[in-house]
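Here the structure comes first, spelled out in structure tokens, and everything after it is commentary.
Read the numbers this way: they start at 1 and go in the same order the structure lists the ligands and their atoms. Sequence positions, counted from 1, serve as the residue numbers for this chain.
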Amino acid sequence: MRRQADRYTSLRAQATQTLVTETRTPLFEGAGSRLEAAAAIAAASEDTLERLRLPQSVLKVSVPVRMDDGSLRTFPGYRVRYDATRGPTKGGIRFHPNVNADEVQALAFWMTFKCAALDLPFGGAKGGITVDPKELSALELERLSRRYIDAIADFIGPDLDIPAPDIATNELVMGWMADEYSTIRRRRVPDVITGKPLALGGILGRDTATADGAFHVISTLMPKLAEAGRMRAPGQDDGNAPSVAIQGFGNAGARLAELFADHGYRVVAASDSTRALYSEGGLDVAALRSAKAESGELPAGAGDELDADELLALEVDVLAPCALEDVITTDNADDVRTSVVLEVANGPTAPEADAVLEDAGVVVVPDILANAGGVTVSYFEWVQNRTGMRWSADDVAEGLEQRMVTEARSIWDLSERHAVNLRTAAYAHALQRISDAVDATGSVADFRPPGHA
Ligand code: NAD
């Protein structure tokens, strides 16, 4: 028994931290390419653009986990803090077999812009573990979550870097992680992680915040898009309600489908990693949600089965990718026939596909605006934990709506003013705020000797 305990201690010690220098890689390169268009219309300083070229810090760790059968497996884990000029960094933790340093770095970059676009006092970060969580038991998942926090504990903190949920991590996982961090620090530290269970300081409405925020954004833009003839408005009661296709019927996608269905849209298609379903008259979203909650899968037979690619090519009013990045690429962008792409997933449109969609007249509501409801309510949770004052469900709902509507309008106005698409406008809106913060710390203009241009 003693030898086993010693061995366990040494296994924990194996979660060694390695600071690594990453080279620029495809997904990250693509994420950065959006900056160029934004820089053309934002008055961003050269210092800001130079600073945003590389992440502030990149941590790669090994996460050793004792499996239920007694064997040991080691999983690669990452945490990237991209830029902390506007505040402590903030970003989710993802468990997925495709997680790698490039992806995490790109996601941390997006978080930096998302927090600035919504005017949250945060920089951007992201984390993840390369693992297929479906292969692990609940106990193995708990050990994995706790070992990951052991490995990154010196890199995170309420004033430093605040994780949150992302793909395949939920409030249960956040609860384990917050508990582990508190154990390490020998005191309760609720403000180190958001998306926690209510009983551990979580906030009402966090679970639905991403979809709720996306729905506020589309509802704010819809009248403008309808007026410009870019999309049909709901509520005309002509038996032909605007149609929606949801790729990724998970946390965010299922709730968004429900909101659309409840507000006069027809959700004609939905998919998850097991199947894609279609019904011209509209799927029974409530039935899909309860079946998915019960079995973890969309139920066979609840609609006509489609190929995954067919869903992306449906002629609908709104296509909402709510799963993974790079689902619309130059390989399939020509097939996309929706009026509007509502990017609830992070990075669902590859940068090279942007121009194809634009040429085809497809309006893309960019991820850094469309899915920012999650981090906005995470911010409210952090404030709640720091002040010790509980927010009511109404406080959260009002705060979320106010912020999403305000920033969606500003981004729309910027896009009109400069005749650019919504993505470029959203990046420019965020870049301006980052640049103001960078310059306030001292810019080249302050330090150039007199007489220099
Ligand atoms: P989730 O794990 O709950 O849901 C993802 C869903 O996508 C699952 O139903 C899965 O089966 C499905 N899926 C996976 N691969 C698919 C494929 N190839 N085709 C169709 N469906 C597929 O994750 P989530 O929390 O809903 O996050 C979804 C996306 O939204 C991610 O890109 C995430 O980064 C982004 N996002 C989430 C939040 C949040 O608060 N949950 C916030 C911001 C952004």
Side-chain angles (χ1 to χ4, degrees), residues 27 90-99 103-104 106-108 110-111 113-115 117-118 120 124 126-128 131-134 163-174 193-196 202-203 205-214 217 245-258 269-277 288-289 291-293 295-299 305-312 319-329 332 342-349 366-381 400 404:
L27 195 62
K90 185 95 192 74
I93 294 169
R94 174 175 293 196
F95 290 174
H96 194 273
N98 295 346
V99 165
E103 181 187 67
V104 178
L107 288 162
W110 283 318
M111 280 306 296
F113 281 83
K114 194 185 302 182
C115 291
L118 271 286
L120 307 177
K126 203 76 180 189
V131 59
D132 184 352
K134 288 185 185 150
D166 192 67
I167 291 181
T169 55
N170 54 17
E171 64 168 39
L172 185 62
V173 173
M174 294 303 113
I193 280 175
T194 58
K196 300 177 295 296
I203 195 162
R206 174 60 184 87
D207 50 342
T208 58
T210 300
D212 293 352
V217 171
I246 305 272
Q247 188 216 29
F249 200 78
N251 263 341
R255 165 70 178 171
L256 183 65
E258 182 181 52
S271 68
D272 67 3
S273 53
T274 53
R275 59 180 53 86
L277 299 171
L288 293 187
R289 282 198 87 182
K292 173 97 180 171
S295 69
E297 291 181 2
L298 281 171
E305 296 240 353
L306 289 179
D307 281 345
D309 290 347
E310 282 180 289
L311 182 140
L312 299 174
L319 169 66
C322 308
L324 296 168
E325 57 268 15
D326 275 354
V327 295
I328 302 174
T329 65
N332 63 1
L342 180 64
E343 291 189 333
V344 176
N346 285 304
T349 310
D367 47 7
I368 62 168
L369 171 64
N371 71 25
V375 68
T376 300
V377 173
S378 271
Y379 163 56
F380 299 159
E381 181 176 336
L400 177 65
M404 299 305 298

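Evaluation of the salt bridge (Lys or Arg N to Asp or Glu O under 4.0 Å) rule for Arg289 yields Glu258 as partners, not counting sequence neighbours.
Contact check for Asn170 versus Pro165: no side-chain heavy atoms found under the 4.5 Å cut-off. Counting heavy atoms from C-beta on, the side chains of Val375 and Cys115 come closer than 4.5 Å. Counting heavy atoms from C-beta outward, Ile93 and Val173 have side chains that stay 4.5 Å or more apart. Taking 4.5 Å as the limit, some side-chain heavy atom of Leu298 sits within range of a side-chain heavy atom of Leu288. For the pair Val131 and His96, the minimum side-chain heavy-atom distance is 4.5 Å or more.
Under the 4.0 angstrom criterion, atom 18 (N) of ligand 1 counts as lacking any protein heavy-atom contact.
Val344 O, 3.6 Å is the protein heavy atom nearest to atom 35 (C) of ligand 1. Counting protein heavy atoms only, atom 27 (O) of ligand 1 is closest to Ile167 CG1, 4.0 Å. Closest to atom 28 (C) of ligand 1, if we only count protein heavy atoms, is Cys322 O, 3.2 Å. Of all protein heavy atoms, the one closest to atom 4 (O) of ligand 1 is Gly250 CA, 3.3 Å. Distance from atom 43 (C) of ligand 1 to its nearest protein heavy atom, with residue and atom name: Asn371 O, 3.6 Å. For atom 1 (P) of ligand 1, the closest heavy atom belonging to the protein is Asn251 N, 4.0 Å. At the top of the distance list for atom 33 (C) of ligand 1, counting protein heavy atoms only, stands Asp166 OD1, 3.4 Å. The shortest contact between atom 26 (O) of ligand 1 and any protein heavy atom is with Ala252 N, 2.9 Å.
Note that CG of Asp166 and CZ of Phe95 are 10.5 Å apart. Values are rounded to the nearest 0.5 Å.
Residue-ligand proximity: Ala308 is placed with every non-hydrogen atom at 4.0 Å or more from ligand 1. In this structure, Pro165 falls outside the shell of residues with a heavy atom less than 4.0 angstrom from ligand 1. Residue contacts with ligand 1: Lys292 is included, with a non-hydrogen atom under 4.0 Å away.
The ligand atoms of ligand 1 that sit less than 4.0 angstrom from a heavy atom of Phe249 are 9 (O). Residue-ligand proximity, Gln247 to ligand 1, at heavy-atom distances under 4.0 Å covers atoms 19 (N), 20 (C). Heavy-atom contacts of Ala345 reach the following atoms of ligand 1: 29 (C), 30 (O), 32 (O), 35 (C) (cutoff under 4.0 Å). Within ligand 1, the atoms closer than 4.0 Å to a non-hydrogen atom of Ala168 are 2 (O), numbered from 1 in the order shown.
Counting heavy atoms only, Ser273 comes closest to atom 11 (O) of ligand 1 of the residues Ala323, Ser273, Pro348. Closest heavy-atom approach to atom 40 (O) of ligand 1 among the candidates Thr210, Thr274, Thr208: Thr210.
When heavy-atom distances to ligand 1 are checked against a 4.0 Å cut-off, Glu325 has no atom that comes that close, whether in backbone or side chain. Residue contacts with ligand 1 for Arg206 involve side-chain atoms from C-beta outward but no N, CA, C or O (heavy atoms, distance under 4.0 Å). Neither the backbone nor the side chain of Ala254 has a heavy atom within less than 4.0 Å of ligand 1.
Residues Pro321 and Leu342 approach most closely at CD-O, 3.1 Å, considering heavy atoms. Across Arg255 and Ala211, no two heavy atoms sit closer than the pair CG-CB, 3.2 Å.
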Review point. After noting the C-alpha distance and the side-chain angles of Glu325 and Lys126, does the key distance pass the salt bridge (charged side-chain N to carboxylate O under 4.0 Å, His left out) rule?
Key: CA-CA 14 Å; Glu325 57 268 15; Lys126 203 76 180 189; over 6 Å; no

Practice item. List the steps and the verdict of side-chain hydrogen bond (donor to acceptor under 3.5 Å, both in side chains) for Arg94 and Thr169. Key: CA-CA 6 Å; Arg94 174 175 293 196; Thr169 55; over 6 Å; no

Exercise for review: Give the C-alpha distance, both sets of side-chain angles, the deciding distance and a yes or no for side-chain hydrogen bond (donor to acceptor under 3.5 Å, both in side chains) between Asn346 and Asn371.
Suggested key: CA-CA 8 Å; Asn346 285 304; Asn371 71 25; 2.9 Å; yes

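Between the side chain of Asp272 and the backbone N or O of Arg275, at least one donor-acceptor pair lies under 3.5 Å.
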